[in-house]
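Some notes on the structure that comes next.
Lettering follows sequence order; numbering is per chain, from 1.
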Amino acid sequence: MSAATTSASQPPTDASALRWRLERYEQMVLIRQFETEAERQYKAARIGGYCHLSSGQEATTVGVLSAMRESDLLVAGYRCHGFALARGVPPNAVMAELFGRRDGCARGRGGSMHLLDAERGFFGGWGIVAGQLPVATGLALALVRQGRTAAVLCELGDGAVNMGAWHESLNLAALWQLPIVYLVINNAYGMGTSVERASAEPNLYKRAAAFAMHGERVDGDDLQAVSEAAGRLLTRAREQRLPAVLETLTYRYRGHSVADAGLAYRTREEISEHQASDPLIQTRTRLLADGAGEHELESIEHRALEAVAEAVRFAEASPQPELNTLARGVYAPGSSEQFARMRPGSAYGEERLVFDGGLGE
Amino acid sequence: MSAATTSASQPPTDASALRWRLERYEQMVLIRQFETEAERQYKAARIGGYCHLSSGQEATTVGVLSAMRESDLLVAGYRCHGFALARGVPPNAVMAELFGRRDGCARGRGGSMHLLDAERGFFGGWGIVAGQLPVATGLALALVRQGRTAAVLCELGDGAVNMGAWHESLNLAALWQLPIVYLVINNAYGMGTSVERASAEPNLYKRAAAFAMHGERVDGDDLQAVSEAAGRLLTRAREQRLPAVLETLTYRYRGHSVADAGLAYRTREEISEHQASDPLIQTRTRLLADGAGEHELESIEHRALEAVAEAVRFAEASPQPELNTLARGVYAPGSSEQFARMRPGSAYGEERLVFDGGLGE
Amino acid sequence: MSATVDWPTETMTYREALRLALREEMTRDERVFLMGEEVGVFDGSYKVSAGLLAEFGPERVRDTPISEEGFVGAGVGAAMLGERPVIEIMTINFLLVAMDQVVNHAAKVRAMFGGQVGCPLVIRTPNGAGNQLTAQHSQSFDGWFAGTPGLKVLAPSNPADAKGLLKAAIRDDDPVLVIENLPIYKEKGAVSLDPELLTPIGRATVARSGSDVTLVAHSFATVRCLAVADRLSERHDINAEVVDLRSLRPLDVETVAESVVRTNHVVCVEEGWPTYGVTAELAARVQNVCFDDLDAPVERVGLAEVPMPYAKNLELAALPGEDRIEAAVLHTLGAA
Amino acid sequence: MSATVDWPTETMTYREALRLALREEMTRDERVFLMGEEVGVFDGSYKVSAGLLAEFGPERVRDTPISEEGFVGAGVGAAMLGERPVIEIMTINFLLVAMDQVVNHAAKVRAMFGGQVGCPLVIRTPNGAGNQLTAQHSQSFDGWFAGTPGLKVLAPSNPADAKGLLKAAIRDDDPVLVIENLPIYKEKGAVSLDPELLTPIGRATVARSGSDVTLVAHSFATVRCLAVADRLSERHDINAEVVDLRSLRPLDVETVAESVVRTNHVVCVEEGWPTYGVTAELAARVQNVCFDDLDAPVERVGLAEVPMPYAKNLELAALPGEDRIEAAVLHTLGAA
Ligand SMILES: Cc1ncc(C[n+]2csc(CCOP(=O)(O)OP(=O)(O)O)c2C)c(N)n1
Ligand SMILES: Cc1ncc(C[n+]2csc(CCOP(=O)(O)OP(=O)(O)O)c2C)c(N)n1
Ligand SMILES: [Mg+2]
Ligand SMILES: [Mg+2]
């Protein structure tokens with residue numbers, strides 16, 4: 001789990017700092033390249049369903065992940081490619097999932113919105129706005145019950161803060177003192193609706209006060225700032241069981257999903273303004289200023305491109321799931337026995353499709 | 001509509017003040033006597049279902065209603081006998097509803113939790129915790145669409161503020177600037193759960209800030225204080241379309257419902273402490289001090305007792321709904337025609353029970 | 001839907017027919033207004049309401065935050081005061097977060113208070129699967145709502161009924177769920193421009209008449225059945241009748257029975273899970289009312305009983321495709 | 001449920017049997033914990049968890065705020081990490097506000113992520129009506145959950161199965177909804193004290209054997225059917241067999257079919273609305289698998305299709321009472 005293991009919960013400040021930042025830069029570039037390729041593959045009809053890209057949000061994704069420990073748990077919404085990659089899920093497994101293949105990190109069952117890697121502590125990849133909040137809150141409760149000194153990082157968008165699930169989850173987390181940080185990625189829009197048109201209190205981090213919970217906001221395009229804030233809040237959560245809200249201000253370059261041109265509700269000017277302070281460029285410029293070599297950066301960028309190209313090759317080579325596995329994994333192993341007497345009179349074709357293939361095997 | 005019509009939106013401060021307060025006192029006594037009688041009738045098995053009494057909360061109920069105009073709309077939860085009475089629904093119609101009779105204010109269909117009187121602007125009477133909030137918010141939206149200068153008063157309990165429906169409703173009301181005041185009756189418990197064990201922010205009125213909405217708290221046992229605050233917030237809502245939260249601190253004397261002894265989660269001492277500052281006694285004492293005569297007060301109390309006794313007589317005399325009306329009112333008039341082709345093959349007895357009696361007639 | 005003499009028909013998509021219904025009713029009745037996520041500035045996530053914000057303004061085409069429970073409930077309240085809210089839920093899957101307002105509030109208003117207040121609310125939402133939208137976004141809960149007294153549930157399968165049923169729903173005095181369908185949005189058909197032409201609620205229609213077997217369906221399953229019917233006549237010289245339910249509540253059992261009495265064989269098809277689904281109710285009623293007319297058991301075809309997998313090949317296998325419907329027909333006729 | 005030699009049985013109420021199951025499983029497995037409104041200090045709104053807070057402490061008997069969506073979802077998350085949450089929902093009516101977490105999260109976890117993570121969650125909640133609880137509090141959505149792939153749904157009708165099925169649910173590795181019932185809580189019966197005795201999931205049982213007609217039911221409807229069966233033998237010399245489903249998903253169709261093959265007549269009864277309900281699925285399957293064995297159509301009896309009215313006389317008329325069940329039996333036998 002390269003990403004998570006090599007990262008301390010705080011960006012070191014001594015000599016190793018540059019190396020640490022270069023590693024983060026590589027993750028950011030990898031995510032950007034991956035998203036760009038995903039869009040290309042989607043348009044080539046090799047990826048289907050809803051496909052949400054995070055281009056422009058890399059500093060938030062990588063900054064937060066850089067502050068997580070291997071023992072911490074990650075939960076995200078449907079815009080989750082970057083989180084999976086930053087958590088160390090191999091690009092091959094992510095791309096294979098987008099292709100709906102057997103070697104995908106969700107065995108081809110989940111697709112773009114439902115990535116998961118339990119070994120790496122990444123618990124999805126969820127598609128219902130704010131639906132992941134109660135689940136993530138429960139993961140934090142389990143950490144406490146199991147006496148683990150770890151925290152949950154739960155990502156959500158600016159639009160999700162208007163769902164009732166946000167209110168109920170944060171109240172439970174604060175009331176029960178659960179080790180969880182709710183990361184609100186404020187990318188200015190929920191589909192075509194701006195934050196101001198959706199939230200009566202547009203300073204989203206302030207809503208934490210309704211639960212006597214700490215909330216703060218950072219520049220989501222500033223890698224160091226995000227990493228520092230996330231580190232502080234995650235440590236607080238782990239060690240003092242104090243939940244918090246971290247709002248990061250960033251911007252989504254592409255449409256809501258690949259199907260959305262993303263121009264009906266914002267101007268090209270607005271987009272290019274934000275691209276002027278592109279987190280990748282910001283980070284690159286600082287790295288150069290702080291002594292990183294142009295060559296070094298170029299080789300990093302080249303490695304990222306290579307990794308993405310390799311991921312596409314891998315995904316193409318991976319076989320489709322076998323048809324007789326359609327119902328596998330719907331229930332736990334051994335469940336076929338429980339369903340043995342359900343066959344008669346069921347809908348036509350059901351036996352072959354569901355029962356013969358095995359439900360829990 | 002005696003109650004609502006005769007009440008100004010502010011308690012007058014001149015000579016008529018005493019008369020105004022005597023009227024309010026009469027409503028408070030009526031509610032207390034009504035609840036006491038309802039419990040007696042419940043134990044005599046003449047009332048069934050869930051029956052929630054509001055004894056102890058009279059100053060809040062009457063104080064808020066005294067500030068409402070006839071054109072304002074009232075929405076409440078299931079603990080609604082007092083609200084119906086204070087709004088001017090005749091005790092006869094309320095008691096008949098509790099008895100499940102034809103002359104009940106909901107035709108014997110709703111019972112204790114689902115009182116309603118559309119003519120008087122009382123829109124229920126709802127049983128799902130916080131479920132009435134989105135509905136009340138929609139009533140406020142309709143007032144705006146219809147260009148009416150009126151507001152909605154929506155009652156809820158301290159336990160209801162932890163439901164997602166609270167969050168979504170208040171955000172919509174603030175975002176759309178709807179004329180509504182959310183009255184949070186903080187009676188210290190939601191069933192057996194104290195406010196501190198349920199809400200991470202126990203100062204419930206502060207939660208309005210999550211929507212950049214005004215919130216405040218008053219002593220719910222002080223008739224004048226409640227009336228003043230409600231009057232101010234309702235005027236603000238009517239004239240400036242500014243929603244608000246009004247939290248009133250009061251106490252429930254009886255169990256959560258008649259079925260609950262109400263002692264598993266609180267002590268007898270705690271109850272008697274609160275009864276020491278009984279809103280009825282408080283109001284009575286002040287009235288005497290301000291020149292009301294003992295005789296006058298006694299005759300008021302006697303009138304209330306008489307009204308309740310008469311309500312019981314009326315309810316007993318009112319006939320049960322006819323069996324062939326079982327399905328009436330399930331759909332709008334004329335719907336029988338739409339359902340005409342649904343009869344064949346339906347469950348046994350369905351025709352007689354549902355179709356023959358008429359669905360919408 | 002009976003054609004009219006005075007008004008011409010025009011070929012348009014299901015999506016355009018729905019939009020036309022909305023425009024006509026909003027023009028006719030000031031009380032009608034739209035509410036939902038992205039219905040305005042974004043022109044609707046599936047573009048049904050495209051252009052209506054420009055035409056009617058933000059008060060009548062109201063964008064909402066992501067708060068289904070909140071704004072569905074707001075629709076209930078507004079309807080109780082005589083407004084005619086038409087709410088769009090992006091897909092039926094998201095009604096799960098608003099279930100309480102639909103089932104325990106909208107459906108209860110009229111009866112629970114003794115018939116004193118109505119709730120003329122319309123909720124429009126597409127069901128269905130087919131574009132690898134995966135487990136959380138590929139469902140059809142049609143039967144759950146159709147099994148709720150107090151609600152009316154409609155499910156048009158073509159542009160003409162899409163317009164006629166949505167208009168009937170908006171004019172109806174009860175809460176009506178209009179189930180649209182993702183794959184059909186782009187389908188074209190002839191639609192009458194008569195602003196007064198409604199498709200009657202509670203009336204199924206024979207979409208294709210035949211004599212050998214009756215296929216009963218609603219929504220996209222009707223489209224599948226019509227294709228299968230052609231296939232059956234071409235490949236097997238089987239003449240299938242297709243009954244399009246159009247309404248799930250009220251359910252028009254008579255039209256189904258009249259057909260089965262003639263064909264003696266019936267296959268019920270739905271886009272959702274058949275176990276405890278819409279086809280269960282159909283089978284239950286048909287066997288009861290046509291007991292002596294059936295030459296073979298009522299057969300059902302529906303979505304394989306699994307959360308929808310993402311992989312294209314698995315999704316195709318799970319869907320009630322034409323092959324599975326055809327096989328079911330051959331099976332029931334073979335068993336005759 | 002097969003009796004054991006070593007362990008004695010004890011007569012206790014359905015409520016006590018559920019409590020015993022909880023106590024035994026909490027003692028056996030540290031991962032098991034209770035969560036819900038009023039389960040602790042208040043001893044449970046229907047007293048099922050009475051005394052457990054005192055015995056196991058607040059970490060294992062966790063009172064929650066009124067936030068069903070929140071704590072049901074918290075149960076899903078805790079279960080994903082290997083805990084064994086047992087959640088109490090006061091009545092099934094309140095599951096409407098948590099529908100999204102049950103149907104679109106708990107039921108999806110395992111399949112949607114390729115079988116990598118499980119969700120061993122138990123949700124206990126009573127269904128049913130009968131105490132004038134009125135429209136919003138008298139419902140039974142049993143079929144909705146039973147129609148959701150990924151969930152398992154159990155519905156015990158007596159104390160012995162209440163204990164055996166709840167224990168089986170807690171030990172099961174999938175999300176299980178255990179539907180209890182308000183009127184049955186106080187019913188008494190013999191319950192084995194064997195802590196290892198489970199009632200098998202997916203197995204119906206013949207609660208009363210007979211030869212003339214088969215009554216199929218679950219939950220409280222089974223209690224009604226047993227009473228009607230006695231009545232039928234006394235008054236009409238009709239020997240009715242009663243099949244208690246116990247599991248709605250998996251559904252044991254074989255046991256039902258084996259009975260119908262012998263009796264050739266069947267009446268399916270449920271406490272909820274029959275249209276699009278549990279009895280619809282039963283009728284659909286029975287007519288299919290027993291087509292040649294049926295001497296009369298499958299009959300159904302259920303709650304009148306209206307939001308439950310408050311008035312006692314109307315509520316009694318709406319419920320699937322013994323008179324209506326008896327009449328349905330006489331009707332189906334008369335039609336033989
Ligand atoms: C309950 C629910 N309602 C609606 C949707 C459709 N939907 C998917 S993403 C989205 C916008 C979410 O915006 P935001 O929370 O800001 O996240 P972002 O897409 O910007 O990352 C909507 C409305 C959904 N998935 N779930
Ligand atoms: C969604 C939902 N969950 C649970 C219940 C059961 N219930 C009815 S009243 C109540 C307590 C509400 O307390 P509070 O809001 O403080 O109001 P109070 O009873 O004190 O007036 C509960 C849990 C319900 N009716 N609806
Ligand atoms: Mg956003
Ligand atoms: Mg309270």
Original post:
Checking heavy atoms, do the side chain of Val306(C), its backbone, both or neither come under 4.5 Å from chain D?
Top reply: backbone

**OP:** Would you mind checking which part of Phe94(D) comes under 4.5 Å of any heavy atom in chain C, side chain (CB onward), backbone (N, CA, C, O), both or neither?
**Re:** neither

**OP:** Heavy atoms only, distances under 4.5 angstrom: which of Gly143(D), Ala146(D), Ala98(D) has the most pairs with chain C? Name it, please.
**Re:** Ala146(D)

At a cut-off of 3.5 Å, what donor and acceptor atoms pair up between chain D and chain C?
{"unit_1": "Asn104(D)", "atom_1": "O", "unit_2": "Gln136(C)", "atom_2": "NE2", "d": "2.6"}
{"unit_1": "Asn104(D)", "atom_1": "OD1", "unit_2": "Gln139(C)", "atom_2": "NE2", "d": "3.0"}
{"unit_1": "Asn104(D)", "atom_1": "ND2", "unit_2": "Gln136(C)", "atom_2": "O", "d": "3.2"}
{"unit_1": "Lys108(D)", "atom_1": "NZ", "unit_2": "Gln139(C)", "atom_2": "OE1", "d": "2.8"}
{"unit_1": "Gln136(D)", "atom_1": "O", "unit_2": "Asn104(C)", "atom_2": "ND2", "d": "3.2"}
{"unit_1": "Gln136(D)", "atom_1": "NE2", "unit_2": "Asn104(C)", "atom_2": "O", "d": "2.6"}
{"unit_1": "Gln139(D)", "atom_1": "OE1", "unit_2": "Lys108(C)", "atom_2": "NZ", "d": "2.8"}
{"unit_1": "Gln139(D)", "atom_1": "NE2", "unit_2": "Asn104(C)", "atom_2": "OD1", "d": "3.0"}
{"unit_1": "Leu248(D)", "atom_1": "O", "unit_2": "Tyr276(C)", "atom_2": "OH", "d": "2.6"}
{"unit_1": "Arg249(D)", "atom_1": "NH2", "unit_2": "Glu305(C)", "atom_2": "OE1", "d": "3.0"}
{"unit_1": "Thr275(D)", "atom_1": "OG1", "unit_2": "Arg285(C)", "atom_2": "NH2", "d": "3.2"}
{"unit_1": "Tyr276(D)", "atom_1": "N", "unit_2": "Glu281(C)", "atom_2": "OE1", "d": "2.7"}
{"unit_1": "Tyr276(D)", "atom_1": "OH", "unit_2": "Leu248(C)", "atom_2": "O", "d": "2.6"}
{"unit_1": "Glu281(D)", "atom_1": "OE1", "unit_2": "Tyr276(C)", "atom_2": "N", "d": "2.7"}
{"unit_1": "Glu281(D)", "atom_1": "OE1", "unit_2": "Arg300(C)", "atom_2": "NH1", "d": "2.9"}
{"unit_1": "Glu281(D)", "atom_1": "OE2", "unit_2": "Arg300(C)", "atom_2": "NH2", "d": "2.8"}
{"unit_1": "Arg285(D)", "atom_1": "NH2", "unit_2": "Thr275(C)", "atom_2": "OG1", "d": "3.2"}
{"unit_1": "Gln287(D)", "atom_1": "OE1", "unit_2": "Val298(C)", "atom_2": "N", "d": "3.0"}
{"unit_1": "Gln287(D)", "atom_1": "NE2", "unit_2": "Val298(C)", "atom_2": "O", "d": "3.0"}
{"unit_1": "Asn288(D)", "atom_1": "ND2", "unit_2": "Val298(C)", "atom_2": "O", "d": "3.0"}
{"unit_1": "Asn288(D)", "atom_1": "ND2", "unit_2": "Glu299(C)", "atom_2": "OE2", "d": "3.4"}
{"unit_1": "Val298(D)", "atom_1": "N", "unit_2": "Gln287(C)", "atom_2": "OE1", "d": "3.0"}
{"unit_1": "Val298(D)", "atom_1": "O", "unit_2": "Gln287(C)", "atom_2": "NE2", "d": "3.0"}
{"unit_1": "Val298(D)", "atom_1": "O", "unit_2": "Asn288(C)", "atom_2": "ND2", "d": "3.0"}
{"unit_1": "Glu299(D)", "atom_1": "OE2", "unit_2": "Asn288(C)", "atom_2": "ND2", "d": "3.4"}
{"unit_1": "Arg300(D)", "atom_1": "NH1", "unit_2": "Glu281(C)", "atom_2": "OE1", "d": "2.9"}
{"unit_1": "Arg300(D)", "atom_1": "NH2", "unit_2": "Glu281(C)", "atom_2": "OE2", "d": "2.8"}
{"unit_1": "Glu305(D)", "atom_1": "OE1", "unit_2": "Arg249(C)", "atom_2": "NH2", "d": "3.0"}

Original post:
Is chain D contacted by the side chain of Ala304(C), its backbone, both, or neither, given a heavy-atom distance below 4.5 Å?
Top reply: neither

**OP:** Mind checking side chain to side chain contact (heavy atoms under 4.5 Å, CB included) for Ala328(C) and listing every partner two or more places apart, or none if nothing turns up?
**Re:** Tyr348(A), Val267(C), Val301(C)

Original post:
Which residues satisfy the ring pair (Phe, Tyr, Trp, His ring centres under 6.0 Å) test with Phe113(C), sequence neighbours excluded?
Top reply: Trp126(B)

Subject >> side chain to side chain contact (heavy atoms under 4.5 Å, CB included) partners of Val289(C), counting only residues at least two apart >> reply: Pro344(B), Val253(C), Ala257(C)

Original post:
Which answer fits Ala111(C), side chain, backbone, both or neither, if we ask what part of it has an atom under 4.5 Å from a heavy atom of chain D?
Top reply: side chain

Original post:
Can you tell which of Ala283(D), Gly272(D), Ala135(D) has the highest number of heavy-atom pairs within less than 4.5 Å of chain C?
Top reply: Ala135(D)

Subject >> Pairs of heavy atoms under 4.5 Å with chain C: top-ranked of Leu251(D), Leu248(D), Val286(D) >> reply: Leu248(D)

